[in-house]
Amino acid sequence: MGWLEAVVLGLVQGLTEFLPISSSAHLRIFGEAFGWGDPGAAFTAITQIGTEFAVLVYYRRKIGAIIATWLRSLRDPALRREPDARMGWLIIIGSIPIVVLGLLLQDRIESTFRDLRIVAIALVVFSLVLFWADRVGGTQRELPDLTVKHGLYFGLAQAMALIPGVSRSGGTITAGRFLGYSRSAAADYSFLLAVPAVLGSGFFQVAKSLDGGIDWGPTLLATVIAAGVGFVVISWLLRYLSRGSFTPFVVYRVVLGLALLALVGAGVLDPS
């Protein structure tokens with residue numbers, strides 16, 4: 001991987017990770033469009049460590065309170081009803097689906113699921129599901145209303161993002177809107193829920209790649225760029241969701257997906 005490729009893909013990762021448009025799909029598309037080929041599941045997972053660092057910084061007080069209260073609740077049963085202790089358990093519970101499915105489908109994640117035709121179909125189909133959820137979903141529920149069952153539903157939706165084009169944030173926010181959570185509450189839980197999944201996947205790929213297969217200099221540069229850009233994007237998105245809808249993202253996804261199918265059909269892009 002060259003340094004220019006690293007800069008471009010780092011910017012792409014940072015710009016798209018938190019928006020409901022699928023960062024993994026964009027890395028796959030940009031790599032093919034610029035003639036660089038598929039950057040690969042390992043590169044994608046490692047650069048996502050950068051954008052997850054942006055989440056850790058943005059939610060540092062909330063995450064610190066969750067970890068501290070959850071740990072203290074293990075010794076003090078009286079703390080187990082505290083919202084931060086409950087959120088700690090709900091993040092763990094919601095992470096189970098993606099851990100299980102990620103291990104079971106590892107080979108497909110690194111090969112079959114990265115076919116551009118699958119990516120394009122996922123972009124279109126799941127954008128329409130998000131549009132529907134945003135139209136019919138209620139807004140009466142906030143984070144304190146989160147239950148174990150709802151946490152599992154969020155987790156299953158997050159696991160769908162193992163397919164590039166679904167979008168981790170898009171999938172979980174869609175589930176939240178169907179369950180009646182406000183846009184901001186669904187986004188907050190989506191980003192908190194992603195922390196263990198993304199960091200776990202990223203460091204797993206780091207360990208796998210220590211004996212070769214990754215150009216570490218460019219990959220680290222892309223990861224750092226993704227972290228800086230990601231922090232700006234997450235700050236903007238959470239302000240936007242207090243007043244805006246997901247319709248612009250839905251339209252963008254549909255146009256991108258249909259254009260991608262057309263380019264693959266015309267032989268301009270190699271789907272595999």
Side-chain angles (χ1 to χ4, degrees), residues 5-31 38-60 63 91 94-95 98 102 109 113-114 119 122-123 126-127 130 154 157-176 183-184 186-206 218-241 246 248-250 252-253 256:
E5 182 179 353
V7 170
V8 172
L9 295 182
L11 287 169
V12 170
Q13 170 62 27
L15 286 168
T16 60
E17 172 65 19
F18 303 116
L19 305 179
I21 57 176
S22 181
S23 62
S24 56
H26 280 74
L27 290 177
R28 178 72 179 91
I29 293 167
F30 269 73
D38 186 355
F43 174 85
T44 300
I46 292 170
T47 54
Q48 284 176 344
I49 295 174
T51 40
E52 211 53 35
F53 180 75
V55 174
L56 295 176
V57 173
Y58 188 87
Y59 287 98
R60 60 191 178 279
I63 291 173
I91 290 172
S95 299
I98 198 169
I109 292 167
F113 291 167
R114 300 186 70 80
V119 172
L123 280 168
F126 285 92
S127 67
L130 173 59
F154 272 97
Q158 177 178 240
M160 293 296 293
L162 294 170
I163 303 172
V166 173
S167 170
R168 185 188 313 276
S169 63
T172 48
I173 290 171
T174 296
R183 294 187 182 106
S184 58
D188 281 337
Y189 184 58
S190 170
F191 297 148
L192 292 172
L193 182 61
V195 171
V198 172
L199 292 182
S201 173
F203 286 114
F204 175 73
Q205 290 293 349
V206 168
T219 300
L220 291 175
L221 174 62
T223 303
V224 171
I225 292 172
V229 176
F231 183 82
V232 175
V233 172
I234 194 174
S235 302
W236 171 83
L237 179 63
L238 290 171
R239 290 195 301 271
Y240 169 80
L241 291 180
F246 292 108
F249 305 114
V250 169
Y252 171 78
R253 285 175 58 118
L256 178 63

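All values below were derived from every heavy atom in this structure, side-chain atoms included, with hydrogens, water molecules and symmetry-related copies excluded.
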Enquirer: Nearest 0.5 Å, please: how far is CZ in Arg28 from CZ in Phe113?
Expert: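 Separation between the atoms: 14.5 Å.
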Enquirer: Of all heavy-atom pairs between Pro20 and Gly170, which one has the smallest distance, and what is that distance?
Expert: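 Scanning both residues completely, I find the closest heavy atoms to be CB-CA, 3.6 Å.
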Enquirer: Run the side chain to side chain contact (heavy atoms under 4.5 Å, CB included) test on Leu193 and Ser95 for me, step by step, so that the C-alpha distance in whole Å, both residues' side-chain angles and the decisive distance to 0.1 Å come before the verdict.
Expert: CA-CA 7 Å; Leu193 182 61; Ser95 299; 3.8 Å; yes
Enquirer: Could you tell me the separation between the CD atom of Glu17 and the OG atom of Ser22, rounded to the nearest 0.5 Å?
Expert: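 The distance works out to 9.0 Å.
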Enquirer: Work out which heavy atom in Gly230 is nearest to a heavy atom in Ala54; give both atom names and the distance.
Expert: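 Gly230 and Ala54 have their closest heavy atoms at C-CB, 3.9 Å.
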Enquirer: Just so I know, are the side chains of Tyr59 and Val195 near enough to count as touching, which here means a heavy-atom distance under 4.5 Å?
Expert: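 No. Closest side-chain heavy atoms not under 4.5 Å.
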Enquirer: Nearest 0.5 Å please: distance from the CG atom of Leu237 over to the CZ atom of Arg183.
Expert: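 Reported to 0.5 Å precision, the distance equals 11.5 Å.
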Enquirer: Side chain of Arg253, backbone of Gly165: donor and acceptor closer than 3.5 Å?
Expert: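 Confirmed, Arg253 side chain pairs with Gly165 backbone.
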Enquirer: Could you tell me which non-hydrogen atom of Thr51 sits nearest to which non-hydrogen atom of Gln13, and how far apart they are?
Expert: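 Heavy-atom minimum between the residues: OG1-NE2, 3.1 Å.
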Enquirer: Counting neighbours of CZ on Phe249 that are heavy atoms of other residues, nucleotides or ligands and sit closer than 6.0 Å, is the number greater than 12?
Expert: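 More than 12 within 6.0 Å, yes.
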Enquirer: Side chains of His26 and Leu256, heavy atoms from C-beta outward: is any pair under 4.5 Å?
Expert: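 A side-chain contact under 4.5 Å exists here.
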Enquirer: Does the side chain of Thr16 come within less than 4.5 Å of Phe30's, by heavy atoms?
Expert: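 No. Closest side-chain heavy atoms not under 4.5 Å.
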Enquirer: Dump the intermediate steps for side chain to side chain contact (heavy atoms under 4.5 Å, CB included) on Thr174 and Phe246, then the final yes or no.
Expert: CA-CA 10 Å; Thr174 296; Phe246 292 108; over 6 Å; no
Enquirer: Minimum heavy-atom separation for Ala25 and Val119, please, with both atom names.
Expert: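 Closest heavy-atom pair between Ala25 and Val119: CB-CG1, 3.5 Å.
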Enquirer: Would a 4.5 Å heavy-atom cut-off, applied to side chains only, mark Arg168 and Val198 as touching?
Expert: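 Yes, side chains in contact.
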Enquirer: Taking only residues two or more places apart in sequence, or in another chain, which ones meet Ser190 in a side chain to side chain contact (heavy atoms under 4.5 Å, CB included)?
Expert: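 Per chain and number, Ser190 pairs via side chain to side chain contact (heavy atoms under 4.5 Å, CB included) with Ser169, Thr172, Ile173.
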Enquirer: Any side-chain heavy atom of Thr44 within less than 4.5 Å of one from Leu9?
Expert: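 No, too far: nothing below the 4.5 Å cut-off.
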Enquirer: In Å and rounded to the nearest 0.5 Å, what is the OH to CD distance from Tyr58 to Glu52?
Expert: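 So the gap between those two atoms works out to 14.5 Å.
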Enquirer: Look up atom CD in Gln205 and atom CD1 in Ile46, then write down how far apart they are to the nearest 0.5 Å.
Expert: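 Gln205 atom CD to Ile46 atom CD1 measures 6.5 Å (nearest 0.5 Å).
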Enquirer: In the structure I gave you, are the side-chain heavy atoms of Val55 and Phe18 within less than 4.5 Å of one another anywhere?
Expert: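 A side-chain contact exists here, since the closest heavy-atom pair is under 4.5 Å.
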Enquirer: With rounding to the nearest 0.5 angstrom, report the CE to CD1 distance, Met160 to Ile98.
Expert: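 It comes to 11.0 Å.
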Enquirer: Which atom pair, heavy atoms only, marks the closest approach of Leu123 to Ile21?
Expert: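 Minimum heavy-atom separation between Leu123 and Ile21: CD2-O, 3.6 Å.
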Enquirer: Under a 3.5 Å distance rule, please check whether Ser201 uses its side chain to pair with a backbone N or O of Ala197 as donor and acceptor.
Expert: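 No; judged by distance alone, with no hydrogens or angles, the pair does not exist.
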Enquirer: Yes or no on side chain to side chain contact (heavy atoms under 4.5 Å, CB included) for Tyr240 and Leu19, after CA distance, side-chain angles and deciding distance?
Expert: CA-CA 11 Å; Tyr240 169 80; Leu19 305 179; over 6 Å; no
Enquirer: If you compare all heavy atoms of Pro39 against all heavy atoms of Gly31, which two are closest, and at what distance to 0.1 Å?
Expert: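 Pro39 and Gly31 have their closest heavy atoms at CD-CA, 4.3 Å.
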Enquirer: Passes side chain to side chain contact (heavy atoms under 4.5 Å, CB included), Val206 versus Ile49? Steps please.
Expert: CA-CA 10 Å; Val206 168; Ile49 295 174; 4.2 Å; yes
Enquirer: Please tell me if the side chains of Leu238 and Ser184 come closer than 4.5 Å, counting only heavy atoms from C-beta onward.
Expert: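 Leu238 does not reach Ser184 side chain to side chain.
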